[in-house]
Amino acid sequence: MTKRAFIWDLDGTLLDSYDAILAGLEETYATYQLPFDRARIKDYILKHSVQDLLVAVAEEHHLDVTDLNHRRAESLAEKNAQVLLMDGAPDVLAWGQVAGIEQFVYTHKGENAFVILRDLGLESFFTEILTSQSGFARKPDPEAAMYLMEKYGLEPENTYYIGDRSLDIDFARNSQIQSINFLTSDYQGNHQMNTLLDIPGILNAEKNL
């Protein structure tokens with residue numbers, strides 16, 4: 001029997017969390033009396049990451065990026081109640097569990113990811129959860145995927161990274177694993193979804209090829 005695995009991104013994939021992230025960033029900017037352009041900043045973090053944003057802000061305004069990160073983490077943790085599940089998330093996770101698909105998380109979120117997943121009742125679905133504190137190179141470097149594949153004996157052709165950004169597709173490409181993403185891509189291993197509920201159909205279609 002083919003062993004399949006899902007490695008999940010969180011923000012914008014399983015978690016409807018961008019409003020909470022932006023609210024936390026807005027408070028962080030206000031602490032340092034920086035102008036906050038919500039639309040521009042959202043576009044930036046979708047194309048890059050929150051960490052890249054904070055590094056750029058620290059350089060531009062001569063601030064300590066560690067202090068910025070600390071303030072943002074405090075503010076975001078206070079907004080955990082604003083983090084919701086993406087449509088279909090519990091159903092697809094439960095389907096994957098019943099189907100025997102081993103499920104993991106690799107996210108750029110910090111340790112607060114464990115709190116959110118626990119509060120939303122999702123933590124038990126995952127064999128292992130990797131965060132920014134796990135010590136792996138950030139996406140799109142494939143180090144985290146290589147670790148999971150080696151540790152759990154996962155086959156690249158049967159391992160899927162599920163995300164919402166081009167960065168996530170690049171991570172899958174660099175890891176030589178499959179991608180399921182809300183975006184289209186020239187990566188042949190990418191499968192576009194419109195909602196999470198498309199995932200079972202995508203896997204069934206793959207199985208029948």
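Residue numbers count from 1 along this sequence. All of these numbers come straight from a predicted model, not from anything done at the bench. No hydrogens, no waters, no symmetry mates; every other heavy atom, side chains included, goes into these values.
Expressed to the nearest 0.5 Å, how far CG of D168 lies from CG of N190 amounts to 10.0 Å. Atom OG1 of T13 sits about 11.0 Å away from atom CD1 of I180, to the nearest 0.5 Å. To the nearest 0.5 Å, atoms CG (L154) and OG (S175) are separated by 11.5 Å. Here CG of L203 is found 4.5 Å from CZ of R4. Values are rounded to the nearest 0.5 Å. Expressed to the nearest 0.5 Å, how far CD1 of I116 lies from CG of L122 amounts to 10.5 Å. Rounded to the nearest 0.5 angstrom, Q178 CD and Q188 CD are separated by 10.5 Å.
The minimum heavy-atom distance between L117 and V105, with the atom names listed, is CD1-CG2, 4.5 Å. When all heavy atoms of S166 and L183 are compared, the pair lying nearest together is N-CD1, 3.4 Å. Closest non-hydrogen pair, A5 versus F104, comes out as CB-CE1, 4.1 Å. Closest non-hydrogen pair, G24 versus S75, comes out as CA-OG, 3.4 Å. Contact record, S185 with R173: OG-NH2, 3.8 Å, taken as the closest heavy-atom pair. Between Y106 and T131 the shortest heavy-atom distance is CE1-O, 4.4 Å.
Looking at heavy atoms from C-beta onward, H108 lies out of side-chain contact with Q51 at the 4.5 angstrom threshold. Here the side chains of Q176 and P142 are not in contact, with every heavy-atom distance at 4.5 Å or above. Side-chain contact between T28 and V57 is absent, with no heavy atoms from C-beta onward closer than 4.5 Å. Under the 4.5 Å side-chain criterion, counting only non-hydrogen atoms from C-beta, K42 is not in contact with I21. Looking at heavy atoms from C-beta onward, Q97 lies in side-chain contact with Q103 at the 4.5 angstrom threshold. Between L130 and L148, the closest side-chain pair of non-hydrogen atoms falls below 4.5 Å. Within the 4.5 Å cutoff, the side chain of I45 has no heavy atoms near those of the D11 side chain. V92 is not listed as a side-chain neighbour of I162, based on a closest heavy-atom distance of 4.5 Å or more.
Aromatic ring pairs are classed by plane angle as parallel below 30°, tilted from 30° to 60° and perpendicular above 60°; the pair F6 and W8 is perpendicular. Aromatic ring pairs are classed by plane angle as parallel below 30°, tilted from 30° to 60° and perpendicular above 60°; the pair Y147 and F136 is tilted. Ring geometry for Y161 versus F171: interplanar angle over 60°, hence perpendicular rather than tilted (30 to 60°).
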Before you tell me yes or no, could you show the steps for D164 and M86 under side-chain contact (heavy atoms from CB on, under 4.5 Å), namely the whole-Å CA-CA distance, both residues' side-chain angles and the distance that decides it to 0.1 Å? CA-CA 11 Å; D164 68 308; M86 294 289 282; over 6 Å; no
Could you please spell out the steps behind the side chain to side chain donor-acceptor pair (under 3.5 Å) verdict for D198 and Q192? CA-CA 9 Å; D198 292 337; Q192 187 183 17; over 6 Å; no
Walk me through it: do N181 and Y187 pass the test side chain to side chain donor-acceptor pair (under 3.5 Å)? CA-CA 11 Å; N181 200 285; Y187 176 44; over 6 Å; no
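There is no path of hydrophobic side-chain contacts, each under 4.5 Å, that joins F182 to I169. Using a 4.5 Å cut-off between side-chain heavy atoms of Ile, Leu, Val, Met, Phe, Trp and Tyr, with links allowed through other members, I177 and I129 fall into different hydrophobic clusters. Under the 4.5 Å side-chain heavy-atom criterion for grouping Ile, Leu, Val, Met, Phe, Trp and Tyr, F36 is connected to V50 within one hydrophobic cluster. A single hydrophobic cluster is seen to contain both L63 and V65, as judged by linkage of ILVMFWY side chains at heavy-atom distances under 4.5 Å, directly or through other members. By the criterion of side-chain heavy atoms lying less than 4.5 angstrom apart, applied directly or through intervening Ile, Leu, Val, Met, Phe, Trp or Tyr residues, Y152 is not grouped with L93; the two fall into different hydrophobic clusters.
A donor-acceptor pair under 3.5 Å links the side-chain atoms of S49 to the main chain of D52, judged by distance alone. When atom types are taken as modelled, the side chain of T107 and the backbone of D9 share no donor-acceptor pair closer than 3.5 angstrom.
Salt bridge R71/D64: absent, no basic N to carboxylate O contact under 4.0 Å. Using a 4.0 Å cut-off between charged side-chain N and carboxylate O, D170 and K139 make no salt bridge.
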